[in-house]
Amino acid sequence: MARLSPCRNALRLTVLGDWVFTSVAVLVQPLTGFLLMREAGWPLSSAWFAWVATLFVATGLCWLPVVWIQYRLRNYALQSTSTGQLPAAFHREFLIWFALGMPAFAMVLMLYWLMVAKPGL
């Protein structure tokens, strides 16, 4: 097997890392969040929960295409090992990946703030 360049190896590891860390969080956070809310006696009908749920879903809607794009970027990079050139599609899809990642990251920061500050509770 040909030795991967640092960029190609980083793309490969990004896809793996995204699945390992993000997928676990997507599965565990709603369950543990619900259990903590129930334990604390906070209603699911609160405005706070509506914001949390909305941001969680919106973040997921950004994340789902990002995962698909990451696979494609990784595959473009792995296929280009013989030529050393990335195709134009790689650069277009990278911009989409970046454009979806920025609002998703901002929403995760907002979720974190909601979880810590708990405004309105």
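- In the hydrophobic clustering of this structure, Leu35 groups with Leu114; members are Ile, Leu, Val, Met, Phe, Trp, Tyr whose side-chain heavy atoms approach within less than 4.5 Å, directly or through other members.
- No chain of hydrophobic side-chain contacts below 4.5 Å, direct or via other Ile, Leu, Val, Met, Phe, Trp or Tyr residues, connects Leu109 to Trp113.
- The number of heavy-atom neighbours closer than 6.0 Å to CH2 of Trp48, taken from other residues, nucleotides and ligands shown, is above 12.
- Val28 and Met115 fall into different hydrophobic clusters, where Ile, Leu, Val, Met, Phe, Trp and Tyr are joined by side-chain heavy atoms under 4.5 Å apart, directly or via other members.
- Using cut-offs of 30° and 60° on the angle between ring planes, the pair Trp19 and Trp63 is perpendicular.
- Side-chain contact between Trp68 and Pro65 is absent, with no heavy atoms from C-beta onward closer than 4.5 Å.
- Phe34 and Tyr112 are members of different hydrophobic clusters when ILVMFWY side chains are connected at heavy-atom separations under 4.5 Å.
- Separating the CD atom in Gln79 from the CZ atom in Arg74 is a distance of 10.0 Å, to the nearest 0.5 Å.
- Atom-to-atom distance recorded for Gln70:CD and Leu16:CG is 10.5 Å, nearest 0.5 angstrom.
- The 12-atom threshold is not exceeded at CZ of Phe105, counting heavy atoms of other residues, nucleotides or ligands nearer than 6.0 Å.
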Subject >> side chain to side chain contact (heavy atoms under 4.5 Å, CB included) between Trp42 and Leu36, worked out >> reply: CA-CA 9 Å; Trp42 296 336; Leu36 285 169; over 6 Å; no
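- Once rounded to the nearest 0.5 Å, the distance linking CZ of Arg92 with CD1 of Ile69 reads 12.0 Å.
- Between Phe49 and Leu44, the shortest heavy-atom contact is CD2-O, 3.1 Å.
- Atom CH2 of Trp97 is separated from atom CG of Leu95 by 11.0 Å, given to the nearest 0.5 angstrom.
- The CE atom of Met37 sits 12.0 Å away from the OG1 atom of Thr32 when rounded to the nearest 0.5 Å.
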